[in-house]
S.K.: 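Here's a structure for you.
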Amino acid sequence: MKRSIIITGGAGFIGSHVVRLFVEKYPDYRIICLDSLTYAGNLANLKDLEDKPNFKFVKMDICDFDSVYTLMQLEKVDGIIHLAAESHVDRSIKDPFTFAKTNVLGTLSLLQAAKASWEPHQYVMPESGVACRFHHISTDEVYGALELTRPDGVEPPFSTKASSGSHHLAYGEDFFTEDRSYQPHRPYSAAKASSDHFVRAFHDTYGLPVVVTNCSNNYGPYQFPEKLIPLFINNIRLRRPLPVYGRGENVRDWLYVEDHARAIDLVFHKGKDAETYNIGGFNEWKNIDVIKLLIATVDRQLGRPEGADLDLITFVTDRAGHDMRYAIDSRKLQRELGWEPSLQFEEGIDRTVRWYLSNQDWLDNVTSGNYQSYYDEMYGNR
Ligand code: NAD
Ligand code: TYD
């Protein structure tokens, strides 16, 4: 095997796409998916990979330093791509401690295990000569929130200079760049920010070879239906109310999950040590417009009359301290590594809705909690 890589959180939404990409693209790598299978982790997300000879699943908590260290020794691990985290903002508002434990202490435990494994041979694998690397996956939410602005009375969304292509519409003139100072507002983003700081501190203190990526909101197949897009697709399908926080005016910058996975592949292999790369598709949408697009797409695909489900929109109490706008400037990644998003949003949403509607068993399983017994059935006796 040319490389041996642990991907943490690989049974979750983004992680499963990263695992799939690596297993399929690099048959000569050993890909170890390390995941503790919380409510958000689901082995059904990796079902198509079960029999691949270069894939291994390990049920493990990233906070368990001893087990992670032992696994790294056993498998001669030379790379870690770290996605495991508690990831839902609303949950973090209710239960911040779990977020501090997993996102901060869990990351610290992984960093310690990587340092203990790699430092004795100066971060180069003795037999293969491969340079070790710790790739930390983070979010744009660590940068804080941006304002909605309208230059010279132009109604947003408007075209902006920050775009590298012709399709960029924005709701403000300010964007998150890699050198922006951190200003997290929610327990989720505070915990992610703290983990980012630990990663950089391990580079600066011990010379651990790290790279950090901060990505905007992802959407696509296998996302747990508590996040806006899969939750609303499922609710429209079942004709349930769509709880829109506030007036639906908040803006998010959406990226198709496979484009994120491609960017991770690129940065893991070609990014410079100790650098940060922002990942985003220059694709800002107001929540209410995303929701109308979802309704139109689900209705069309189910053969319902156009706009039949618009009355499901239900405005509810806003999220506490709801961040108004996120917008990523990803020109560094485009310029230095040549990454571009591959899909227009409407096409990505069409594909995403089609996936959820043709995988209703997955949705029903996940929303009923049945999938939690899947691990025991598949792996319990091994
Ligand atoms: P997710 O919630 O779908 O998946 C998280 C995975 O981590 C699950 O499989 C879960 O079982 C696992 N996990 C949680 N705690 C663990 C622990 N203690 N030990 C081992 N495994 C554990 O999350 P996601 O949306 O796929 O996000 C993945 C990463 O990407 C996170 O670090 C998140 O901060 C980051 N990110 C997400 C988005 C987004 O829009 N979803 C955007 C930017 C960055
Ligand atoms: P979410 O998918 O939770 O991602 P994040 O909070 O990390 O951006 O939410 C996306 C946007 O949708 C956010 O502005 C909150 C809003 N939202 C709703 O209006 N209703 C909902 O039920 C959910 C889950 C989110």
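In listed order, ligands and their atoms are each counted from 1. What you see is a predicted model, and the numbers here were worked out from it, not measured in a lab.
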S.K.: Of Gly220, Gly280, Gly10, Ser36, which has the heavy atom at the shortest distance from atom 17 (C) of ligand 1?
M.R.: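 Among Gly220, Gly280, Gly10, Ser36, the closest heavy atom to atom 17 (C) of ligand 1 belongs to Ser36.
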S.K.: Under 3.5 Å between any N/O of Thr139 and any N/O of ligand 1: does that happen in this structure?
M.R.: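 No - when backbone and side-chain N and O of Thr139 are compared with those of ligand 1, no distance drops under 3.5 Å.
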S.K.: Hey, are Gln73 and Ser117 close enough side-chain-wise for a donor-acceptor pair under 3.5 Å?
M.R.: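 Indeed, the side chains of Ser117 and Gln73 share at least one donor-acceptor pair under 3.5 Å.
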S.K.: Suppose we measure from atom 14 (O) of ligand 2 to each protein heavy atom; which comes out shortest, and what is that distance?
M.R.: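 The closest one turns out to be His322 NE2, 2.7 Å.
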S.K.: Are Lys192 and Asp140 close enough for a salt bridge, meaning some N to O gap below 4.0 Å?
M.R.: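 The answer is no: the pair does not qualify as a salt bridge.
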S.K.: Is ligand 1 less than 4.0 angstrom away from at least one heavy atom of Ser216?
M.R.: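 For ligand 1, residue contact (heavy atoms, under 4.0 Å) with Ser216 is present.
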S.K.: If only side-chain N and O atoms count, and only distance matters, is there a donor-acceptor pair under 3.5 Å linking Asn218 with His260?
M.R.: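 Yes, side-chain donor-acceptor contact under 3.5 Å.
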S.K.: Counting each atom of ligand 2 from 1 as listed, which ones have a heavy atom of Leu231 under 4.0 Å away?
M.R.: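 Ligand 2 atoms under the 4.0 Å threshold to Leu231: 22 (O).
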S.K.: Please indicate whether any nitrogen or oxygen in Glu86 is less than 3.5 Å from any nitrogen or oxygen in ligand 1.
M.R.: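 Checking ligand 1 against Glu86, no N or O pair falls under 3.5 Å apart.
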S.K.: Do the side-chain N and O atoms of Tyr356 and Asn359 include a donor-acceptor pair separated by under 3.5 angstrom?
M.R.: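 There is no such pair between these side chains.
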S.K.: Considering only the protein, which heavy-atom contact is closest to atom 22 (O) of ligand 2, and what is its distance?
M.R.: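 It is Pro243 O, 3.4 Å.
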S.K.: Just jot down the ligand 2 atoms closer than 4.0 angstrom to any heavy atom of Glu226, in number order.
M.R.: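 In order of number, 24 (C).
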S.K.: Distance check, rounded to the nearest 0.5 Å: Ile137 atom CD1 versus Ile80 atom CD1?
M.R.: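 It comes to 12.0 Å.
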S.K.: Heavy atoms only: which of Phe232, Phe315, Tyr245 is nearest to atom 18 (C) of ligand 2?
M.R.: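 Checking each option, the heavy atom nearest atom 18 (C) of ligand 2 is found in Tyr245.
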S.K.: Strictly under 4.0 Å, does any heavy atom of Tyr222 approach an atom of ligand 1?
M.R.: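 Heavy atoms of Tyr222 never come under 4.0 Å of ligand 1.
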S.K.: Give the numbers and elements of all ligand 1 atoms closer than 4.0 Å to a heavy atom of Leu37.
M.R.: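 Going through ligand 1 atom by atom, the ones under 4.0 Å from Leu37 are 11 (O).
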S.K.: Between Lys59 and Asp35, is the closest basic N to carboxylate O distance under 4.0 Å?
M.R.: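 No, this pair does not count.
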S.K.: Nearest heavy atom to atom 6 (O) of ligand 2 wins, so pick from Arg319, Glu141, Glu249.
M.R.: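 Residue with the shortest heavy-atom distance to the ligand atom: Arg319.
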S.K.: Ligand 1 and His82, any nitrogen or oxygen pair closer than 3.5 angstrom?
M.R.: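 No - when backbone and side-chain N and O of His82 are compared with those of ligand 1, no distance drops under 3.5 Å.
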S.K.: For atom 8 (C) of ligand 1, which of Asp35, Val58, Thr102 has the closest heavy atom?
M.R.: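 Result: the heavy atom closest to atom 8 (C) of ligand 1 is in Asp35.
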S.K.: Suppose I only count heavy atoms of Asn217 and a 4.0 Å limit; which atoms of ligand 1 are within that range?
M.R.: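 Matching atoms, with element in brackets: 40 (O).
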S.K.: Relative to the heavy atoms of Ser138, which atoms of ligand 1 are at a distance of less than 4.0 Å?
M.R.: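 Checking each atom against Ser138, I get 43 (C), 44 (C).
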S.K.: Under 4.0 Å from ligand 1, counting heavy atoms only, is it the side chain of Tyr188, its backbone, both or neither?
M.R.: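 Within the 4.0 Å criterion, Tyr188 contacts ligand 1 through side-chain atoms alone.
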S.K.: Any atoms of ligand 1 less than 4.0 Å from a non-hydrogen atom of Ile137? List them with their elements.
M.R.: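 Atoms satisfying the 4.0 Å criterion: 30 (O), 32 (O).
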S.K.: Among Leu228, Thr139, Thr314, Asn217, which residue places a heavy atom closest to atom 4 (O) of ligand 2?
M.R.: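 Selected option, by shortest heavy-atom distance: Asn217.
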S.K.: When you measure from atom 8 (O) of ligand 2 to every protein heavy atom, which one gives the shortest distance, and what is it?
M.R.: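 The closest one turns out to be Arg252 NE, 2.7 Å.
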S.K.: When you compare the side chains of Asn45 and Trp362, does any donor N or O come within less than 3.5 Å of an acceptor on the partner?
M.R.: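 Indeed, the side chains of Asn45 and Trp362 share at least one donor-acceptor pair under 3.5 Å.
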S.K.: Pull out every atom of ligand 1 sitting under 4.0 Å from any heavy atom of Lys192, numbered as shown with elements.
M.R.: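 Counting from 1, the qualifying ligand atoms are 31 (C), 32 (O), 33 (C), 34 (O).
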S.K.: Tell me yes or no: between the side chains of Tyr326 and Glu141, is some donor less than 3.5 Å from an acceptor?
M.R.: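 Checked: Tyr326/Glu141 side chains pair up, N/O donor to acceptor below 3.5 Å.
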S.K.: Would you say Tyr326 has any N or O atom under 3.5 Å from an N or O of ligand 2, going by distance alone?
M.R.: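 By distance alone, the answer is no.
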S.K.: Kindly indicate, with the supporting measurements, whether the criterion salt bridge (Lys or Arg N to Asp or Glu O under 4.0 Å) is fulfilled by Asp259 and Arg262.
M.R.: CA-CA 5 Å; Asp259 282 334; Arg262 277 194 306 109; 2.7 Å; yes
S.K.: May I ask you to check whether Val244 has an N/O atom sitting below 3.5 Å from an N/O atom of ligand 2?
M.R.: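 Val244 vs ligand 2: no N/O contact under 3.5 Å.
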S.K.: Report yes or no: is the cationic atom of Lys2 (NZ for Lys, CZ for Arg) closer than 6.0 Å to the six-membered ring centre of Tyr29, at no more than 45° off its axis?
M.R.: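 That pair does not qualify as a cation-pi contact.
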S.K.: Looking at ligand 1, does any of its N/O atoms fall within less than 3.5 Å of an N/O of Cys63?
M.R.: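 No, there is no polar N/O contact under 3.5 Å.
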S.K.: Is it true that Lys332 and Glu336 make a salt bridge, defined as a side-chain N closer than 4.0 Å to a carboxylate O?
M.R.: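 Salt bridge flag = no for Glu336 with Lys332.
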S.K.: Side chains of Lys227 and Ser87: do they bring a donor and an acceptor to under 3.5 Å?
M.R.: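 Judged by distance alone, the side chains do pair up.
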S.K.: Please round to the nearest 0.5 Å and tell me the distance separating atom NE2 of His203 and atom CG of Asp273.
M.R.: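 CG of Asp273 is found 5.5 Å from NE2 of His203.
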S.K.: Which atoms of ligand 1 are found less than 4.0 Å from any heavy atom of Met60?
M.R.: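 With Met60 as reference, the close atoms of ligand 1 come out as 19 (N), 20 (C).
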S.K.: Does Arg247 count as lying over the ring of Phe315, i.e. NZ or CZ under 6.0 Å from the six-ring centre, within 45 degrees of the axis?
M.R.: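 Positive - Arg247 is close enough to the ring of Phe315 and near enough to its axis.
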S.K.: Test Tyr219 against every option in Leu228, Ile229, Leu255, Ile233 by the side-chain contact (heavy atoms from CB on, under 4.5 Å) rule and name the one that passes.
M.R.: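 Testing Tyr219 for a side-chain contact (heavy atoms from CB on, under 4.5 Å) against Leu228, Ile229, Leu255, Ile233 leaves exactly one candidate, Ile229.
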S.K.: With only distance considered, is Gly12 within less than 3.5 Å of ligand 1 through an N or O on each side?
M.R.: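 There is such a contact, yes.
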S.K.: May I ask you to check if ligand 1 and Ile62 share an N or O to N or O distance below 3.5 Å?
M.R.: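 Yes - when backbone and side-chain N and O of Ile62 are compared with those of ligand 1, one distance drops under 3.5 Å.
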S.K.: Should Ala11 be listed as contacting ligand 1, given a heavy-atom distance under 4.0 Å as the test?
M.R.: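 Distance cut 4.0 Å: Ala11 passes for ligand 1.
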S.K.: Have a look at Phe134 and tell me which of Val212, Val211, Val210 forms a side-chain contact (heavy atoms from CB on, under 4.5 Å) with it.
M.R.: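 Single side-chain contact (heavy atoms from CB on, under 4.5 Å) partner of Phe134 among Val212, Val211, Val210: Val210.
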S.K.: Do Asp61 and ligand 1 have an N or O pair less than 3.5 Å apart?
M.R.: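 Right, the criterion is met.
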S.K.: Go through ligand 1 atom by atom and flag the ones less than 4.0 Å from a non-hydrogen atom of Leu83.
M.R.: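 Heavy-atom distances to Leu83 below 4.0 Å select 28 (C), 29 (C), 31 (C), 32 (O).
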S.K.: A cation-pi test, strictly: NZ or CZ of Arg30 under 6.0 Å from the centre of the six-membered ring of Phe55 and no more than 45 degrees from its axis. Yes or no?
M.R.: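 Arg30 over Phe55 ring: no.
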S.K.: Quick one: which of Val290, Asn287, Asn250 has a heavy atom closest to atom 11 (C) of ligand 2?
M.R.: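 Nearest heavy atom to atom 11 (C) of ligand 2 lies in Asn287.
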S.K.: When you check the side-chain N and O atoms of Glu178 and Thr276, is any donor under 3.5 Å from an acceptor?
M.R.: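 Thr276 and Glu178 do not have a side-chain donor-acceptor pair below 3.5 Å.
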S.K.: Any heavy atom of Thr8 closer to ligand 1 than 4.0 angstrom?
M.R.: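 False for this residue.
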S.K.: Strictly below 4.0 Å, N to O, side chains only: are Asp350 and Arg300 in salt-bridge contact?
M.R.: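 Looking at Arg300 together with Asp350, the answer is yes, because their closest N to O distance falls below 4.0 Å.
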S.K.: Only heavy atoms count here, so choose which of Thr213, Val68, Asp253, Ile14 is nearest to atom 38 (C) of ligand 1.
M.R.: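 Heavy atom nearest to atom 38 (C) of ligand 1 belongs to Ile14.
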S.K.: Distance under 4.0 Å to a non-hydrogen atom of His88: what atoms of ligand 2 satisfy this?
M.R.: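 With His88 as reference, the close atoms of ligand 2 come out as 3 (O).
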S.K.: Would you say Cys215 and ligand 1 have an N/O pair spaced under 3.5 Å apart?
M.R.: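 Not met; the criterion fails.
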S.K.: Report yes or no: do Asp265 and Tyr26 form a side-chain donor-acceptor pair below 3.5 Å?
M.R.: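 Tyr26 and Asp265 do have a side-chain donor-acceptor pair below 3.5 Å.
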S.K.: For the 3.5 Å polar cut-off, considering only N or O atoms, please tell me whether His260 and ligand 1 meet it.
M.R.: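 Between His260 and ligand 1 (N or O atoms, distance only) the closest approach is not under 3.5 Å.
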